[in-house]
Amino acid sequence: MKQFLNFIGGEFVATGKTFENRAPVDNRLIGLVHEAGQTEVNAAVRAARAALKGDWGRMSVARRVELLHAVADEINRRFNDFLAAEMADTGKPKSLASHIDIPRGAANFKVFADIVKNVPTESFEMTTPDGGTALSYALRTPVGVVGVVCPWNLPLLLMTWKVGPALACGNTVVVKPSEETPATATLLGEVMKAVGIPDGVYNVVHGFGPGSAGAFLTQHPDVDAITFTGETRTGEVIMAAAAKGVRPVSFELGGKNAGIVFADADFDKAVAGITRSAFENCGQVCLGTERVYVQRPIFDRFVAALKARAEALKIGPSEEPGVGLGPLISREHQQKVLGYYAKAAAEGATLVTGGGVPAMTGALAEGCWVQPTIWTGLPETASVVREEIFGPCCHIAPFDTVDEAIALANDTDYGLATTVWTQDLSTAHRMAREVHVGLCWINSWFLRDLRTAFGGSKASGIGREGGVHSLEFYTELRNVMVKL
Ligand code: NAD
């Protein structure tokens with residue numbers, strides 16, 4: 001039986017307490033995960049603190065950059081191991097995991113290493129009151145031990161999106177992967193060891209949130225900063241923990257993103273774009289589109305086209321050719337999504353397609369499948385229009401004017417992302433200015449340049465990560481004033 005161990009101070013550590021890791025495709029047992037208790041979390045934080053004082057803390061930026069490139073190369077060398085681990089844990093289609101999760105997971109180490117190597121700091125020369133000169137410059141120093149708490153939807157990619165810049169900036173990390181997806185974070189421990197990252201720089205503690213590794217880590221007084229991706233409600237709990245000791249947080253949280261399609265849009269591209277934004281990764285993408293607004297002249301045609309696309313999606317396991325839709329992450333999440341499907345019906349939605357569980361045969365019948373689902377006809381107050389579902393579903397409503405589209409898009413507590421489809425430049429720029437989000441895609445979705453800022457506004461997050469913006473969180477700027 002496969003065992004997923006904690007990785008503490010460069011050693012794999014078993015604990016007496018395990019929980020099951022099951023595959024969402026067919027509910028088979030993948031292995032047992034060793035849950036970290038307070039003792040293991042304390043040990044991981046101690047190891048991370050000690051590493052800051054050792055070789056890692058004294059290492060030149062050039063050597064650090066070299067090592068992080070080696071980490072990326074080693075992930076790529078073991079690409080198939082990472083791919084198999086991610087597919088087993090998430091059930092996502094191979095086409096997606098092999099094009100996004102693993103390559104981007106590796107790239108995050110190189111991109112941030114290169115940014116840190118090249119980014120300048122400020123320097124000013126000034127005249128002092130006594131007529132002399134002083135030189136004032138900035139030094140970037142690591143924040144220290146960073147707690148990294150991760151979700152399950154893009155396990156390696158979203159974890160290295162934080163660990164990459166944290167290490168590039170000279171910090172050490174204690175990672176708490178999601179209890180649903182322990183595999184790739186554990187494998188990364190082997191990679192760190194193989195390429196010679198000093199012991200204690202990268203640590204992994206497995207477990208859950210409350211009363212487990214997540215809470216122990218975020219409440220630990222010797223963790224200097226916390227970066228978290230997950231639900232907004234969890235973010236509120238972690239923020240309260242971080243208040244003790246006034247420790248900084250970087251949060252990437254939930255969303256209820258609007259997709260807006262104007263009548264002048266390139267129709268086929270808009271349909272293809274919304275198909276991806278609503279259904280990719282079985283709708284388990286924080287940037288996904290669960291509210292679609294379509295300008296009235298093309299509304300009926302658009303609904304029919306999206307229905308056809310949804311019904312053409314092949315549902316199945318990761319390795320099967322042509323599969324576009326995998327399962328949800330767990331039975332618990334399947335029940336949550338099906339609960340929303342039932343609520344939509346109860347609230348009077350017109351069901352365009354889906355709404356249930358697809359018929360699967362053999363072992364797959366045990367998997368966490370749901371049908372891609374489209375509704376129309378609900379008021380803006382309906383729960384499926386207001387609350388994040390995190391499933392392959394969307395509600396489509398018509399609108400008439402640009403003002404109305406802006407008001408509808410903004411009528412939410414969240415502010416993560418939007419995708420706007422139009423050929424009118426003025427409309428596009430106006431939407432970009434007036435929709436309150438961290439990320440606005442025009443005639444595209446999920447197109448990312450890793451040098452740019454990523455994050456959400458309102459209840460969707462705090463701070464920005466990506467490019468030089470990551471340095472704001474992962475370093476402290478120290479001002480040095482030299483009287484010459
Ligand atoms: P979650 O909040 O349930 O869990 C995330 C992580 O937090 C897990 O590792 C979990 O064990 C841990 N955790 C839970 N309670 C905790 C506590 N009290 N203290 C410390 N740690 C705790 O989120 P999830 O279900 O894993 O992920 C889905 C959510 O993540 C969705 O809301 C989605 O929108 C969001 N998300 C956001 C982004 C983004 O970039 N904004 C990206 C991906 C996912």
Side-chain angles (χ1 to χ4, degrees), residues 1-4 20-33 74-107 150-160 177-188 190-191 272 275-285 288 309-334 337 354 356-373 390-392 446:
M1 173 65 59
K2 187 155 183 47
Q3 309 283 317
F4 297 96
E20 292 181 341
N21 179 25
R22 288 192 174 267
V25 163
D26 53 9
N27 202 38
R28 74 180 181 282
L29 188 59
I30 302 172
L32 296 176
V33 190
E74 182 67 5
I75 296 174
N76 285 326
R77 196 185 67 75
R78 297 191 58 187
F79 194 90
N80 289 339
D81 296 341
F82 277 91
L83 184 61
E86 208 72 307
M87 289 191 310
D89 272 2
T90 62
K92 66 177 69 187
K94 186 176 183 179
S95 53
L96 190 63
S98 62
H99 281 96
I100 304 232
D101 295 70
I102 312 304
R104 282 266 300 272
C150 308
W152 44 257
N153 58 334
L154 297 144
L156 180 72
L157 187 160
L158 290 177
M159 187 257 286
T160 60
S178 167
E179 52 274 36
E180 306 289 354
T181 52
T184 45
T186 314
L187 262 183
L188 191 57
E190 293 178 18
V191 166
T275 304
R276 278 190 67 217
S277 68
F279 305 125
E280 191 149 284
N281 206 31
C282 202
Q284 302 166 118
V285 181
R309 286 282 200 143
E311 290 172 356
L313 280 172
K314 183 172 173 188
I315 303 177
S318 314
E319 300 269 9
E320 202 171 297
V323 160
L325 202 81
L328 292 170
I329 190 69
S330 63
R331 288 204 165 155
E332 190 190 342
H333 191 50
Q334 184 193 30
V337 172
V357 177
M360 305 299 279
T361 54
L364 297 182
E366 299 300 311
C368 312
W369 311 96
V370 292
Q371 290 174 322
T373 295
F390 224 54
F446 212 167

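Numbering of residues begins at 1 and proceeds along the displayed sequence.
Gln3 contributes a side-chain N or O that, together with a main-chain N or O of Met1, makes up a donor-acceptor pair within less than 3.5 Å. Using modelled atom types, no side-chain atom of Glu86 and backbone atom of Ala97 make a donor-acceptor pair closer than 3.5 Å. Put simply, the side chain of Thr373 never gets that close to the backbone of Gly354: no donor and acceptor are under 3.5 Å apart. Without hydrogens or angle criteria, Asn153 side chain to Gln284 main chain gives a donor-acceptor distance under 3.5 Å. In this structure, the side chain of His333 engages the main chain of Phe390 through a donor-acceptor pair within 3.5 Å.
Minimum interatomic distance between Val323 and Pro317 (heavy atoms only, all atoms of both residues): CG2-O, 3.6 Å. Contact detail for Pro321 and Lys314: the closest heavy-atom pair is O-NZ, 2.9 Å. What you find for Pro327 and Trp369 is that their closest heavy atoms are N-CZ3, 3.4 Å. Annotation for Pro24 and Gly91: closest pair CG-N, 3.9 Å, computed over non-hydrogen atoms. Nearest approach of Glu280 to Val285, heavy atoms of both residues: O-CG2, 3.6 Å. Nearest approach of Gly31 to Phe4, heavy atoms of both residues: CA-CE1, 4.0 Å.
Residue pairs meeting the side-chain hydrogen bond (donor to acceptor under 3.5 Å, both in side chains) criterion with at least one partner in residues 94-106, sequence neighbours excluded, are Lys92-Asp101.
Counting only heavy atoms from C-beta outward, the side chains of Cys150 and Leu158 never approach each other to under 4.5 Å. Considering only heavy atoms from C-beta on, Asn27 comes within 4.5 Å of Arg331 through its side chain. Inter-residue side-chain proximity for Leu83 and Ser318 is flagged as unmet; no heavy-atom pair is nearer than 4.5 Å. Counting heavy atoms from C-beta on, the side chains of Cys282 and Pro392 come closer than 4.5 Å. Two residues are said to be in side-chain contact when any heavy atoms from C-beta on lie closer than 4.5 Å; Met360 and Ile315 meet this criterion. Residues Thr186 and Val33 are not in side-chain contact: their nearest non-hydrogen atoms beyond the backbone lie 4.5 Å or more apart.
Rounded to the nearest 0.5 angstrom, Thr90 OG1 and Leu328 CG are separated by 11.5 Å. Interatomic distance, CD1 of Ile102 versus CZ of Arg78, reported as 12.0 Å (0.5 Å rounding). Once rounded to the nearest 0.5 Å, the distance linking OG1 of Thr160 with CD1 of Ile75 reads 6.5 Å. Separation of atoms CG (Leu325) and CZ (Phe279) is listed at 8.5 Å; rounding is to 0.5 Å. Distance check: Asp81 CG to Thr184 OG1 gives 12.0 Å after rounding to the nearest 0.5 Å. Asn21 contributes atom CG, which lies 10.5 Å from atom CD of Glu179 (distance to the nearest 0.5 angstrom).
Considering Asp89, Ile30, Leu32 as possible partners of Pro182, the one that fulfils the side-chain contact (heavy atoms from CB on, under 4.5 Å) test is Asp89.
Under the side-chain hydrogen bond (donor to acceptor under 3.5 Å, both in side chains) criterion, Lys2 pairs with no residue, sequence neighbours left out. Taking the side-chain hydrogen bond (donor to acceptor under 3.5 Å, both in side chains) definition, one finds that Gln334 meets it with nothing, sequence neighbours left out.
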